Amino acid sequence: RLLGTDGVNKMSKSLNNAILLKDEADVVKKKVYKLFTDPLHLRIEDPGHLEGNMVAYYLDSFDPHKEELAQLKKDYQTGGVADITLKNRLVEVINTLLTPMREERKRLIRDPEFLLSTLKEGSLRGREQVEKTFKEVKEQIYLKL
């Protein structure tokens, strides 16, 4: 489970501290830009701290380029990297991850008949599985009586 954008609670839509899979690129950017970084990192040349830094936390979770990220974090800690540099990288990483999902969601929304048929099919398969499981449970109960 991920911490939410508030850095306190687990990520939750109801707590309004989540980056949602359906969030468009501009919404992701706004949410990332509000994330807590390091209050002591006032100038680029100041050393940055990663402890409690939500941007670093999310980069660790989602950035697939671990070696490059390690160097960026090292440079941030020694001074020379701005908070906005980390935030822009996180925006890019999250949007790269979410873009295919957004496109698929838009495609599916344009085809409501497909969605309904998929839901009906899934419901039928689920019902069949439940009936099978229920039959097995009943057989086991009767065997033990």
Side-chain angles (χ1 to χ4, degrees), residues 1-138 140-141:
R1 294 191 173 159
L2 287 172
L3 283 176
T5 56
D6 59 8
V8 178
N9 300 300
K10 73 175 183 76
M11 192 176 280
S12 168
K13 181 179 176 184
S14 63
L15 293 175
N16 197 28
N17 69 350
I19 296 173
L20 306 176
L21 296 177
K22 69 177 187 170
D23 284 346
E24 292 295 333
D26 59 327
V27 174
V28 169
K29 184 176 181 178
K30 286 178 187 175
K31 288 181 177 183
V32 168
Y33 276 25
K34 290 180 182 179
L35 287 175
F36 181 81
T37 51
D38 177 7
L40 301 175
H41 190 241
L42 302 175
R43 297 184 313 258
I44 291 175
E45 56 272 2
D46 291 341
H49 300 89
L50 299 175
E51 304 80 29
N53 185 322
M54 291 307 296
V55 176
Y57 171 74
Y58 285 126
L59 282 169
D60 283 339
S61 299
F62 295 106
D63 194 325
H65 308 287
K66 299 302 180 192
E67 289 180 19
E68 191 178 307
L69 177 59
Q71 184 60 51
L72 180 64
K73 287 169 35 180
K74 181 179 175 187
D75 294 343
Y76 179 76
Q77 288 177 296
T78 58
V81 175
D83 289 330
I84 195 70
T85 302
L86 294 181
K87 289 182 177 187
N88 285 335
R89 181 178 180 112
L90 181 58
V91 168
E92 181 183 331
V93 165
I94 291 176
N95 282 323
T96 297
L97 179 68
L98 294 182
T99 295
M101 293 180 224
R102 287 185 200 117
E103 290 172 0
E104 181 66 5
R105 183 175 189 267
K106 287 176 186 175
R107 185 188 71 76
L108 291 170
I109 287 172
R110 287 192 302 264
D111 192 356
E113 289 178 19
F114 172 75
L115 286 175
L116 285 174
S117 69
T118 302
L119 286 171
K120 286 179 185 175
E121 182 183 320
S123 178
L124 289 174
R125 282 192 299 179
R127 186 173 293 127
E128 290 170 3
Q129 185 62 44
V130 166
E131 288 172 1
K132 179 183 170 192
T133 303
F134 189 65
K135 182 180 175 186
E136 291 172 5
V137 168
K138 281 174 50 177
Q140 290 296 318
I141 289 173

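Just the heavy atoms: all of them, side chains too, but no hydrogens, waters or symmetry mates, feed the values below. In this text, all values refer to a predicted model and were calculated from it rather than measured experimentally.
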So do [Y] and [X] actually touch side chain to side chain, heavy atoms under 4.5 Å?
| X | Y | answer |
| --- | --- | --- |
| Glu121 | Arg125 | yes |
| Leu50 | Tyr57 | no |
| Val28 | Leu98 | yes |
| Val55 | Tyr76 | no |

Contacts of type side-chain hydrogen bond (donor to acceptor under 3.5 Å, both in side chains), residue [X], not counting sequence neighbours:
| X | answer |
| --- | --- |
| Lys31 | Asp23 |
| Asp46 | Arg43 |
| Gln71 | Asp75 |

[atom2] on [Y] to [atom1] on [X], rounded to 0.5 Å:
| X | Y | atom1 | atom2 | value |
| --- | --- | --- | --- | --- |
| Gln77 | Lys74 | CD | NZ | 10.0 Å |
| Leu115 | Arg110 | CG | CZ | 11.5 Å |
| Asn95 | Glu24 | CG | CD | 9.0 Å |
| His65 | Arg89 | NE2 | CZ | 7.0 Å |
| Ile141 | Glu136 | CD1 | CD | 12.0 Å |
| Leu21 | Ile94 | CG | CD1 | 10.5 Å |

Expected output: side-chain [X] to main-chain [Y] donor-acceptor under 3.5 Å:
| X | Y | answer |
| --- | --- | --- |
| Lys138 | Thr133 | no |
| Lys87 | Leu35 | yes |
| His49 | His41 | no |
| Asp63 | Leu90 | no |
| Tyr58 | Leu3 | yes |
| Ser123 | Leu119 | no |

Does [atom1] in [X] sit with more than 12 non-hydrogen atoms of other residues, nucleotides or ligands closer than 6.0 Å?
| X | atom1 | value |
| --- | --- | --- |
| Glu67 | CD | no |
| Asp26 | CG | yes |
| Glu92 | CD | no |

Shortest non-hydrogen contact between [X] and [Y], atoms and distance:
| X | Y | answer |
| --- | --- | --- |
| Asp38 | Asp83 | O-OD2, 4.1 Å |
| Arg105 | Lys22 | NH2-CD, 3.6 Å |
| Asn17 | Ser12 | OD1-N, 2.7 Å |
| Gly7 | Met54 | CA-SD, 3.5 Å |
| Asp60 | Leu69 | OD1-CD2, 3.8 Å |
| Leu108 | Phe114 | CD2-CE2, 3.5 Å |

Given Leu86, which of Val32, Val91, Leu72, Thr37 fulfils the side-chain contact (heavy atoms from CB on, under 4.5 Å) condition?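 Of all the options given, the one that passes is Leu72.
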
Any salt bridge linking Lys106 with Glu103? Criterion: basic side-chain nitrogen under 4.0 Å from a carboxylate oxygen.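 A salt bridge is absent here (no side-chain N lies under 4.0 Å from a carboxylate O).
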
